[in-house]
Structure formats: C-alpha cells, structure tokens
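Computed from a predicted model, the values in this text were never measured in an experiment. Residue numbers begin at 1 in each chain, while the letters A, B, ... track the order of the sequences.
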Amino acid sequence: MADITHWADVVADEVLKKGKKHRVATGITPSGHIHIGNMREVVTADVAYRALLDRGAEAEFIYIADTYDPLRKVYPFLDESYARHVGKPLSEIPCPCGEHKSYSEHFLEPFLVALEHLGIHPTVYRADELYKKGLYTDAIKTALKKRDEIAAILQKLSGKTPADDWSPFNPLCNACGKINTTRVNGYDLDAETVDYTCSCGDRGTVPMKGGGKLTWRVDWPARWKALGVTVEPYGKDHASRGGSYDTGQAITKEIYGYEPPFPIVYEWIMLGNEGAMSSSTGVVVSISDMLKVVPPEVLRYLIIRTKPEKHIRFDPAQPLLNLVDEFERLHQMDDPGSYESRMIELSHAAGLCHTDIPFKHMTTIYQAAGGDFERIMNIVERAGYDTKNRKCIKELADNVGNWLDMYAPTFAKFSVRDELPVQASSLSDMQRTFLSSFADILVDSGELSGEDYHNLVYSANDPASELHARMAAALGAKSGEMKVEPKDMFKAIYISVLGQQSGPKAGWFLSSLEKDFLIRRFRDAAGYRP
RNA sequence: GGGCUCGUAGCUCAGUCAGGCAGAGCGUCUGGCUUUUAACCAGACGGCCUAGGGUUCAAAUCCCUACGAGCCCGCCA
C-alpha cells in the first residue's frame with residue numbers, strides 16, 4: 001500500500017471534523033503498580049494529542065489520577081494491616097513505604113516519573129483534589145436531583161436495576177473514613193451537604209465538596225463536562241454495550257447536556273503467553289522495570305506500531321530484542337513523509353540519547369567485558385564505534401545489563417569462565433593440538449585485532465601457514481595432507497573459554513579478552529585430561 | 001445467555017474505514033563478504049487472507065452464518 005496513514009492521524013482527522021479545539025483526557029487509578037498495560041492508555045492518548053497538534057488543532061492533554069477511588073481489597077502486595085483501609089479513598093490511606101504523602105502518591109509518583117521519560121507531559125489532576133476543590137459540586141447536585149433519571153438510564157442500558165437506596169453519590173463516612181459503606185438519607189442543595197448513615201453505625205452530614213464521590217458510572221460523564229473532555233482512550237472493559245462508556249454517553253447527554261468524548265478503545269497487552277496483563281492476577285511488568293531495560297522510544301514504539309483495537313503480545317525475553325532491532329533499523333531509514341518516519345516521530349520521547357551501537361551487539365560486548373564499563377568502552381572503541389557519547393553508551397550498557405539479569409533467555413547468555421570448564425575433557429586431539437599451537441603463536445605475536453584473530457583461526461587449514469605447520473608437526477602428519485575443519489576449531493575456543501559449543505563472533509570476542517589469559521587457558525585446555 | 005474486539009506467511013503484524021495484482025519485518029534456505037556460529041550485503045522459499053454462504057464486472061476488504069481467541073455485561077477503570 002503506497003499511502004498508509006498512521007492510526008493516530010486517522011483519529012486526528014476524525015476528531016477535527018467535530019471542531020478545532022480539543023482536550024484529550026486519560027485517567028488511571030493508582031491502586032497498585034502501574035504497568036505496561038496501563039501505559040498503553042497514556043501513550044495512546046499522547047499520540048492522538050500529538051497528531052492533533054500536528055494537524056493544527058488547538059489541543060490540550062490532561063491526566064486524571066483517580067486518587068479518590070476506594071481501595072477495593074487487600075492486594076497480594078499489601079500486608080494484612082491494610083484490611084482496615086479497604087473502602088477508604090486511596091488518597092486518604094497511608095503510604096506502603098512511608099515515604100509518600102499517601103497510598104495513591106506511592107504508586108502515582110513513579111508513574112509520573114516514567115511519563116517524563118516517555119516524553120509525555122499532560123497536565124496532571126488528582127481526583128481527590130478536584131473533589132475537595134468543589135469542581136464536581138454542580139455535577140453532584142444535578143446527579144442527586146436527577147437520581148431517578150440516572151437510575152433509569154443505568155437500568156435501561158446495563159440491564160441492572162439499581163437498588164432502592166442507590167445513590168449516584170457515595171458519602172465519605174466521618175467516623176470510619178470509608179466511602180463504600182454509606183447510604184444517602186437526604187441532601188440540602190443550598191447548604192451543599194449530604195446526610196448519610198454508615199454500616200459502621202455512624203450517621204451524619206458531609207459537604208459535597210470533598211465529602212464523598214460520585215459512583216464511577218456517573219463520575220466519568222461528570223468529569224467529561226467539568227473538564228471539557230473531547231477525546232478519551234479507554235480500555236475495552238468499558239467498551240461493551242451496557243458498559244460504562246455506553247451509560248456514560250447517555251448520562252452526559254441526557255443529564256449533563258454535554259457531548260461524549262471521541263472514544264479510542266484499546267485492547268490489552270498480553271504478556272508472553274501468560275495472558276493479559278493485570279495487577280490482580282500478578283501478571284505484571286511495571287513501567288519502571290521496562291525503562292531499566294529499553295529506551296523509552298522503544299516502549300512507545302511497541303504501542304504505536306499496533307492499532308489500539310488489536311491486542312499486543314509483549315514478551316520481555318528474546319522477542320524484546322527483535323523489537324529493539326526493528327526499531328533501530330527503522331530509525332536508520334530516512335524517508336521523510338513515509339509511514340515509517342511517522343512512527344519514528346510518534347515514538348520520540350524525552351532527551352534523545354543516541355549511539356550507533358545496536359542493542360543486540362551490546363549484549364555480547366557487555367558479557368565479553370564481564371559487565372565492566374571501562375572494558376566495554378575499550379571493546380566498543382576497538383570495534384570502531386563512536387565513543388564520544390560516553391553517557392549514552394553507559395545508558396545502553398546499563399539497559400543491556402539489566403536485560404541480561406532480568407529477562408534474557410539462557411541461550412543469549414554466556415560468561416567467560418574463571419576456571420577451565422570441565423567440557424574441555426571432550427576436546428579431540430586435533431582440537432587440543434590447535435589450541436596449544438594457537439597459544440604458542442600468541443606468545444610470539446603482538447597485539448592482535450579482531451580480524452587478525454579471525455584469520456589466524458582460519459589459517460589452521462592453510463598448509464602455508466605457521467599455525468598449520470605447527471599443528472602438523474605436533475600431530476606427526478604431513479603438512480599438505482592434514483585436513484582441519486575451522487568449525488571444530490571455533491568450537492574448541494568456545495568450549496575452553498565459555499564451556500559451550502558456540503558463542504559470539506570469535507574474532508573480536510578473542511580480541512576483547514586478555515592475551516595472557518587466552519594463552520594460559522588454551523594451554524590448560526589442551527592438556528586437560530581428567 | 002447477551003454484547004464488544006480480534007482472526008492475513010513458521011512468528012509479529014500492515015493492508016479492511018473509502019472493494020481494484022497478497023504486503024513488511026523477523027525466522028528459514030541459498031549465495032556473497034579472503035573460509036563465521038549470533039556481524040553485514042544480496043536473493044529465494046513461504047498464503048484456500050479461520051471456514052461457509054451472499055452482494056458485485058471485481059471481495060482479505062461490504063453483508064449474513066459458523067468456528068477459534070480475548071474481554072465485558074457483577075456498578076468493579
């Protein structure tokens with residue numbers, strides 16, 4: 001297809017038909033670690049926002065943290081002491097680590113930091129502050145007045161009949177601090193107060209300002225109007241018929257007289273083959289973990305390359321390498337106006353830090369250097385890469401190191417063994433002879449480059465070479481008649497250094513190791529007969 | 001039971017809105033790079049577009065049905 005329009009631009013075009021001024025909103029409840037799945041919502045919104053700006057729209061981007069939602073249960077990552085906080089708004093619960101202002105800030109703060117890294121800069125609102133400031137007061141009054149109409153909408157669209165004592169407003173109990181245990185008994189529109197009884201036995205009166213919260217199905221449409229939201233992505237959990245977008249759409253039109261925002265429904269992110277990512281099942285990769293491992297652009301790219309309504313299969317092990325590879329390749333293409341370059345634009349995050357070293361290559365450099373940064377720099381320099389941007393190389397090396405620690409499959413890992421690997425006992429006579437002759441030559445030679453090592457290994461099969469001659473002499477064979485398989489020689493090297501049959505490109509790999517070490521190791525291996 | 005979304009090469013996905021020759025990357029294979037296993041370059045292989053029906057001069061694309069996957073319908077992001 002010659003002309004592919006990125007989905008974000010399609011969305012922008014669609015949205016622009018409705019007007020030039022837009023406010024893109026997104027909201028996540030900080031009830032637990034905010035993971036890659038949640039990130040899809042924010043990145044989706046950000047990309048739509050950027051596309052709107054690029055098309056000349058007057059656009060804003062806001063993020064509402066639902067800090068006023070009650071804690072639903074004691075999550076697996078919480079200790080039992082949190083049982084008494086179940087039902088209280090997240091903003092009113094103590095922080096699990098004691099270092100943040102509240103429970104919600106504990107989870108929100110790292111998320112906001114991650115947003116910065118991802119180049120996402122929304123205006124951040126906290127729901128508890130909005131309620132306490134009175135932003136929702138009008139909406140609360142309307143909702144209380146039109147309680148029956150709202151109940152009828154919910155009944156009609158979702159098929160569920162709200163209980164007789166149902167109210168769109170959930171008061172916050174003065175005594176126990178819970179928000180989901182109270183019942184509304186009455187209200188005073190002039191005084192802006194609501195009367196309640198609580199299952200804890202308390203009864204009293206709370207202000208509409210900060211004394212409670214609209215139930216979710218009403219809170220959402222009320223927020224659209226109060227904040228002027230015109231575009232909002234949301235997970236498919238809200239998207240089914242009778243779901244909260246459906247009822248919200250009706251409530252905002254019929255109760256609040258406001259047009260619902262343009263919907264962008266997005267699918268879940270599946271983790272490897274463990275299923276959908278979700279905090280409650282514990283199938284979670286947190287954003288900060290991911291940022292330890294890959295640059296933010298790659299994370300954005302992961303989300304941007306797939307249309308929102310398709311699910312994304314995400315696997316932080318081997319497939320992550322392919323993703324990075326693909327991104328790096330894309331990055332090198334320079335074809336302005338193409339679909340590919342549009343994706344690069346949309347992947348753009350905060351302060352670009354670029355090196356020309358591929359992630360994949362760094363995984364071998366890193367391991368050859370045993371993770372030591374000075375040695376990494378030496379290898380990088382010898383390999384001919386640009387070493388001016390030391391900080392970026394350090395970032396890349398850190399990412400790679402974390403990836404190797406956290407996610408790398410075993411076949412991608414190797415380590416230079418401190419002791420001669422026992423596998424050396426399986427070496428053939430030919431291989432042993434090769435290793436010892438190879439070591440002898442190393443003793444007499446100066447510094448060898450990667451290519452020198454490479455050629456030296458192959459020279460074993462060249463009758464005119466010194467290596468070949470030495471091997472023939474040692475084996476008592478005639479020079480021209482000895483047949484040497486380079487493949488087996490490579491194996492001998494890998495076995496004696498790594499204890500495995502294969503490894504990274506032999507030439508530069510050997511050149512990244514100390515020559516004295518190689519001589520010693522090859523001689524040990526050649527003579528190893530347990 | 002009702003609903004939403006998805007199903008395209010071995011894998012990950014574009015292309016479906018607006019019908020017009022079936023696409024990309026990865027993997028695999030072959031060749032090249034002075035002889036490389038996990039660098040690089042070139043090429044090839046690879047498809048009943050989940051299945052069946054319908055509309056059309058023409059369908060991966062639109063309509064209906066079935067199957068498969070995931071999720072929602074419990075006021076629970």
>> Using the side-chain heavy atoms of A/N322, tell me which of these nucleotides is nearest: B/rC6, B/rG70, B/rC26.
In response: B/rC26
> When rounded to the nearest Å, what value does the distance between P atoms of B/rG7 and B/rG54 take?
Replying inline: 23 Å
> Which whole number of Å gives the distance between the P atom of B/rC41 and that of B/rU50?
Replying inline: 33 Å
>> Nearest whole Å is fine: how far is B/rC13 C1' from A/I312 CD1?
In response: 11 Å
>> Pairing check on B/rC62: which nucleotide meets the Watson-Crick or G-U wobble criteria with it, both distances under 3.5 Å?
In response: B/rG54
> Side-chain donor-acceptor pair under 3.5 Å between A/T29 and A/S31, yes or no?
Replying inline: no
>> Let's test this: given Watson-Crick or G-U wobble pairing with both distances under 3.5 Å, identify the partner of B/rU16.
In response: none
>> Give me the atom names and distance for the closest heavy-atom approach of A/R217 to A/G242.
In response: NH1-O, 2.8 Å
>> Applying a 4.0 Å non-hydrogen cut-off, can you work out what A/L323 is touching in the nucleic acid: base, sugar-phosphate, or nothing?
In response: nothing
> For RNA chain B, whose closest nucleotide is more 5', that of A/D237 or that of A/T306?
Replying inline: A/T306
> Is a salt bridge present between A/R329 and A/E326, judged by a nitrogen-to-oxygen distance below 4.0 Å?
Replying inline: no
> With both distances under 3.5 Å as the test, what is the Watson-Crick or G-U wobble partner of B/rC6?
Replying inline: B/rG68
> Are A/K236 and A/E267 close enough for a salt bridge, meaning some N to O gap below 4.0 Å?
Replying inline: yes
> For A/D69, which contact category applies under a 4.0 Å heavy-atom criterion: base, sugar-phosphate, or nothing?
Replying inline: base
> Are A/Y131 and A/D219 close enough that a side-chain donor and a side-chain acceptor fall under 3.5 Å?
Replying inline: yes
> Mapping A/R241 and A/S459 onto RNA chain B by nearest heavy atom, which one lands closer to the 5' end?
Replying inline: A/R241
> For A/Y234 and A/E41, does a side-chain donor sit closer than 3.5 Å to a side-chain acceptor?
Replying inline: no
> In the strands shown, is B/rC49 matched to any nucleotide by a Watson-Crick or G-U wobble pair with both distances under 3.5 Å, and which?
Replying inline: none
> Which of these nucleotides, B/rC75, B/rA38, B/rU5, is closest to any side-chain atom of A/E309?
Replying inline: B/rU5
> From the list B/rU12, B/rC72, B/rU5, which nucleotide is the closest neighbour of the side chain of A/S240?
Replying inline: B/rC72
> With sugar-phosphate meaning primed atoms plus P, OP1 and OP2, does A/H238 contact a base, only sugar-phosphate, or nothing at under 4.0 Å between heavy atoms?
Replying inline: base
>> Work out how far the P atom of B/rU12 is from that of B/rA69, and round it to whole angstrom.
In response: 16 Å
> Is there a Watson-Crick or G-U wobble partner for B/rG27 with both distances under 3.5 Å, and which nucleotide is it?
Replying inline: none
>> Side-chain N or O of A/R329 versus OP1/OP2 of B/rC26: is the shortest distance under 4.0 Å?
In response: yes
> Can you check the A/Q249 CD to B/rG3 C1' distance for me, whole Å?
Replying inline: 15 Å
> Quantified in whole Å, what is the C1' atom distance between nucleotide B/rG10 and nucleotide B/rU28?
Replying inline: 8 Å
> When you check the phosphate oxygens OP1 and OP2 of B/rA14, does a side-chain N or O of A/K310 lie under 4.0 Å from one of them?
Replying inline: yes
>> Rounding to an integer number of angstrom, what distance separates B/rG19 and B/rC71 when you compare their C1' atoms?
In response: 31 Å
> Is there a side-chain polar atom (N or O) of A/K307 under 4.0 Å from OP1 or OP2 of B/rC6?
Replying inline: no
> What is the nucleic acid contact for A/Y234, judged by heavy atoms within less than 4.0 Å: base, sugar-phosphate only, or nothing?
Replying inline: nothing
>> Testing the 3.5 Å rule here: is there a donor-acceptor pair between the side chains of A/T161 and A/Q155?
In response: yes
> Side chain of A/R217, base of B/rC75: donor and acceptor closer than 3.5 Å?
Replying inline: yes
> When the C1' atoms of B/rA22 and B/rA59 are considered, how many whole Å apart are they?
Replying inline: 13 Å
> Rounded to the Å, how far apart are A/Y339 OH and B/rC13 P?
Replying inline: 13 Å
>> If we count only N and O atoms by modelled type, under 3.5 Å, do the side chains of A/S286 and A/H33 hold a donor and an acceptor together?
In response: no
> In whole Å, what separates the C1' atom of B/rG25 from that of B/rC21?
Replying inline: 22 Å
> At under 4.0 Å, does any side-chain N or O of A/K236 touch on OP1 or OP2 of B/rG3?
Replying inline: no
> Counting any heavy atom closer than 4.0 Å, what does A/T29 reach on the DNA or RNA strands: base, sugar-phosphate only, or nothing?
Replying inline: base
> What interatomic distance, in whole Å, is found between C1' of B/rC26 and the corresponding atom of B/rC45?
Replying inline: 15 Å
>> For a quick check of understanding: with a heavy-atom distance under 4.0 Å over all strands, which category does A/P319 fall into, base, sugar-phosphate or nothing?
In response: nothing
>> Return the pairing partner of B/rA38 with a 3.5 Å limit on both distances, Watson-Crick or G-U wobble; otherwise return none.
In response: none
> A/E267 has a side chain; which of B/rG70, B/rG74, B/rA14 sits nearest to it?
Replying inline: B/rG70
